[in-house]
Number of protein chains: 2
Amino acid sequence: MTINRAQQKEKTRRQIIDAAFQLLSEERSFASLSLREVAREAGIAPTSFYRHFEDMEELGLSLVDEGGVILRQLMRKARQRINDRGSVIRISVETFMEFIHNSPHVFRLLLRERSGSSLAFRKAVSRELQYFVVELADYIQHQRGHSAEDARIQAEAMVILVFNACAEALDCKPSERVQLTEKAIVQLRYIARGAESFLRRRPNGGVK
Amino acid sequence: MTINRAQQKEKTRRQIIDAAFQLLSEERSFASLSLREVAREAGIAPTSFYRHFEDMEELGLSLVDEGGVILRQLMRKARQRINDRGSVIRISVETFMEFIHNSPHVFRLLLRERSGSSLAFRKAVSRELQYFVVELADYIQHQRGHSAEDARIQAEAMVILVFNACAEALDCKPSERVQLTEKAIVQLRYIARGAESFLRRRPNGGVK
DNA sequence: ATATAACGTGTACAAGTGTACGCTGAAAAA
DNA sequence: TTTTTCAGCGTACACTTGTACACGTTATAT
């Protein structure tokens, strides 16, 4: 029953990552976590931390990556659902809401670091969100026949509004989340309709 | 030349607040500031801090208040400009952009604490932003004749998008900010137009 | 003139921090 | 089998942190 060394290392690495997520509760930001604290929670000696990460910043970026993976899984699922039974807008919003219900810690991390004090973190989160934007823009572009640029502007606005609605939802009772969802849907519809109206269904209908 | 004691106290209080804003640079969040650090920057003994604030949280809330004051001044100026020469949307966006140009530290504080780890802070920032939302909603309601609720939904979306564009602008060279401004304006126009289209200029034109 | 109140100081301490260093035991390589 | 590698540990050290406490100093109230 001798276990692979690499496997053991990976396992410990996971413990560290899980410990960090565990500590990222409602009241703690990543920046407020100390290396020793994470090590304690992970059940290892403080100095062992360095066998896995250069410093806390590197751990943080790994957490963001982790969040990105979950986000992309979510995106695939959403795409699936949209193909099954229409309404991009409703499904996008509801998928996000599902996300914060299933992985509030992960969402909180992305939310906070998006406007956090580390440029590296901000960029990392922004990059993850861009996947969603690109995906949505693509859909808009082909479905509605807008130019790539117009589609992107709409998609960015939509992602921001959905993301923001989720942030609000975090501070709410689940019962109030329904209203937030509906509000976000209305807002996204305004954007879609407004763009439609401005661009008049022509591929390059704008000012250019 | 004996100075009033209360005046002296107020002056020291200001030193503390200014010191804190000073430390809130691009790379530091409020949560990462220590009491001693702020005291050092303010040029007072660490223990003197307590003569003015119960703890760091209280200082933080004062900073948010301070930001709120600036925000409201801004709002008044924007209202003025709108009355002078139309275009709510362009003027709102440009006023915000002016804000981050003039007081980047203040904006950064509001931006970060809006999704920070303290509920008290989040609520405080949210309250400040609501002033803007209410103002804008009021304008939309009377100018466009939408219901209070519809107007609010639009106003919230607009404020979020503008706020977000400013956040992006913070990481940009001033030359790129123009494009962000234009993008935000387009997004806001989509919302206005979309709402118009849905609600058809009637006070209660929605589903209701 | 005297007493009071209170802003600001310096000292002190326990607690927590990041991380350098050397060691151990066991898995992997030779 | 012997040697090498390396994840994990414990100790140690130099900091920084919040804050309790006792003490000046001086504007204000009596």
Selection [range] - residue pairs positive for salt bridge (charged side-chain N to carboxylate O under 4.0 Å, His left out), sequence neighbours left out:
range: residues 35-52 of chain A; result: A:Arg28-A:Glu37
range: residues 155-164 of chain A; result: A:Arg152-A:Glu156, A:Glu156-B:Lys183
range: residues 57-66 of chain B; result: B:Arg14-B:Glu66

Enumerate donor-acceptor pairs with a distance under 3.5 Å from any side-chain N or O in residues 185-194 of chain A to protein atoms, sequence neighbours excluded.
from	atom 1	to	atom 2	distance (Å)
A:Gln187	NE2	B:Ile153	O	3.0
A:Arg193	NH1	B:Ser197	OG	2.7

Could you name each residue pair satisfying side chain to side chain donor-acceptor pair (under 3.5 Å) that touches residues 89-105 of chain A, not counting sequence neighbours?
A:Lys77-A:Glu98, A:Arg81-A:Glu98, A:Arg90-A:Glu94, A:Arg90-A:Glu182

Which class fits the ring pair A:Phe99 and A:Phe96: parallel under 30°, tilted 30 to 60°, perpendicular over 60°?
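Because their plane-to-plane angle is over 60°, the rings of A:Phe99 and A:Phe96 count as perpendicular.
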
Tell me: [atom1] of [X] to [atom2] of [N], nearest whole Å?
X: B:Gln8; N: D:dT25; atom1: CD; atom2: P; result: 17 Å
X: A:Asn4; N: C:dA29; atom1: CG; atom2: C1'; result: 14 Å
X: A:Lys9; N: D:dA7; atom1: NZ; atom2: P; result: 4 Å
X: A:Lys11; N: D:dG8; atom1: NZ; atom2: P; result: 10 Å

For A:Leu170, enumerate each residue passing the side-chain contact (heavy atoms from CB on, under 4.5 Å) test, keeping only those at least two apart in sequence or located in another chain.
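A:Leu170 satisfies side-chain contact (heavy atoms from CB on, under 4.5 Å) with A:Ile100, A:Pro104, A:Phe107, A:Arg108, A:Leu111 only.
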
Tell me which residues in residues 17-43 of chain B lie within less than 4.0 Å of DNA chain C, going by non-hydrogen atoms.
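Residues of residues 17-43 of chain B under 4.0 Å from DNA chain C: B:Arg36.
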
Phosphate OP1/OP2 of C:dG8 contacted by B:Thr12 side-chain N/O (<4.0 Å):
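It does, given that an N or O in the side chain of B:Thr12 lies less than 4.0 Å from OP1 or OP2 of C:dG8.
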
Taking OP1 and OP2 of C:dC7, is either one under 4.0 Å from a side-chain nitrogen or oxygen of B:Ser48?
no

Side-chain donor-acceptor pairs under 3.5 Å in residues 160-169 of chain A, sequence neighbours left out?
from	atom 1	to	atom 2	distance (Å)
A:Asn164	OD1	B:Arg114	NH1	3.3
A:Asn164	OD1	B:Arg114	NH2	2.9

Which ones in residues 49-65 of chain A lie close to DNA chain D, meaning a heavy atom under 4.0 Å from one of its atoms?
A:Arg51, A:His52

Taking donor-acceptor contacts at under 3.5 Å, does the side chain of B:Thr47 reach the base of C:dG10?
yes

